[in-house]
Amino acid sequence: MDLRQLYFIGIILINLCISAIGAQPRKPVDVPFQKNYVPSWSPDHIKYKNGGSSVDLVLDKISGTGFQSRGSYLFGHFSMRMKLVGGDSAGVVTAFYLSSEGNEHDEIDFEFLGNRTGQPYILQTNVFTGGKGDREQRIYLWFDPTKDLHSYAVLWNMKQIAFFVDEIPIRVFKNSKDLGLKFPFNRPMKLYSSLWNADDWATRGGLEKTNWANAPFIASYTSFHIDGCEATTPKEAQVCSTAGLKWWDQTAFADLDGPQYRRLKWVRQKFTIYNYCTDKARYPKTPVECSRDRDI
Ligand SMILES: *[C@@H]1O[C@H](CO)[C@@H](O)[C@H](O)[C@H]1NC(C)=O
C-alpha cells in the first residue's frame, strides 16, 4: 500500500469517527446577505460591504434598523457572524432571533446588551413556546464581542433547541412535551436581526442611558448561513416536521454529546449571571424543563 492509499484510508477513518460522535452541527456556509435576507425596516441604515458579503447596521438618533430572512423555516441550523457595537455601547441592544408569526408564537432569542466602555456585554437568551416566554438566561461572554466577528448559532429540531457561541453550546432547551410543555414544532419561523436603542431597560436595568455623542453605533455582520427546512405552506411544514430526512433530524443531533455537555457546564459555572431556573423568588416551583435542560 502506498502513502497515498494510507492517507485516504486515514481520512475515511477520521470521518467515520466524526460521524459517530456526530453532534457538532455542520460547518456553516458563508453566503451574501442578499441570498437569505432582506431589510425589514430603515433600509437606509444598512450599509453593504465587500459586494454584500458583509453588512453594517447603523443606529443613530433618527433610527435603528433590522433585517429578516426571505424564507420561513421549520427546523435547521442557522448562524451569523457578528461584531457588536464597540466603545460606549450602553443602552444599545443587538438581537438575533427566530420567530413565528401570529399569537401563541414561538421564538428563540439572542439579545446582546451593550455597556459603558470597558464594561462587559451581557448575552441574554430566551425561548417562547406557544406565546409564553419568561425563560431568560444571562451570561457574560469569555471574549470581547466588540473586537472581532464571532459566530452565534441555533440548532433546532424536533428534540432540542441548542444555542451556540463559536461552536460552544451555551444553552439547550429540550423537547419536554411529555412533561406537558409546548415545544416549537409546527410553526415555521423567520430569522430576524436588529439594532436599536433600549436604554429604558438594557444596561444596569435602564440606569445607564445611551450616549448619543458616540452615535452612530455600528454592528457588523457576515456569513448569513441558513440550512433549514423551508416551509411556506402548511403542507410544507408538515413535511419538515415528519420526513426526518435532514441531517439535523438524525439521532446524533437529538441531544448534546458528552464533550458538549462539559462545555455547557463550563459556561454555566463560569459565566452565568442569571438563570430563570434558579430564580426562587420568581419561580418558587422550579419550571419542569430545568432539570432536563441541565440548568439545575
Ligand atoms: C455593565 O457593567 C456593569 C458593571 O460592570 C455590570 O454590572 C452589568 O452587568 C454590565 N452589563 C449590563 C448589560 O448591564
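Residue indices begin at 1 and follow the sequence shown. Every number for a ligand or one of its atoms is a count from 1 in the order of the listing. Worth saying up front: this structure is predicted, and the values here are computed from it rather than measured.
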Visitor: Tell me the disulfide (SG to SG under 2.5 Å) pairs involving residues 29-99, sequence neighbours left out?
Guide: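 Sorted result for residues 29-99: empty, none.
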Visitor: Could you pull out all donor-acceptor pairs under 3.5 Å where a side-chain atom in residues 27-35 meets a protein atom, sequence neighbours excluded?
Guide:
from: Asp30; atom 1: OD1; to: Ser223; atom 2: OG; distance (Å): 2.8

Visitor: Under a strict 4.0 Å criterion on non-hydrogen atoms, which protein residues are in contact with ligand 1?
Guide: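 Under the 4.0 Å cut-off, ligand 1 touches Leu113, Gly114, Asn115, Gln119, Pro120, Ile122, Tyr140, Ala202, Thr203, Arg204.
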Visitor: Less than 4.0 angstrom from a charged side-chain N to a carboxylate O is my criterion; do Arg268 and Asp295 meet it?
Guide: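 Between Asp295 and Arg268 there is a salt bridge, with a charged N closer than 4.0 Å to a carboxylate O.
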Visitor: How far apart are the C-alpha atoms of Glu289 and Arg135, what are their side-chain angles, what is the distance that settles it, and do they pass the salt bridge (charged side-chain N to carboxylate O under 4.0 Å, His left out) test?
Guide: CA-CA 10 Å; Glu289 69 275 20; Arg135 299 191 180 96; 3.0 Å; yes
Visitor: Looking at Tyr274, does the NZ or CZ of Arg138 lie under 6.0 angstrom from its six-membered ring centre and within 45 degrees of the ring axis?
Guide: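 No, Arg138 and Tyr274 do not form such a contact.
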Visitor: Residues in side chain to side chain contact (heavy atoms under 4.5 Å, CB included) with Ser53, at least two apart?
Guide: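 Only Asn50 meet the side chain to side chain contact (heavy atoms under 4.5 Å, CB included) criterion with Ser53.
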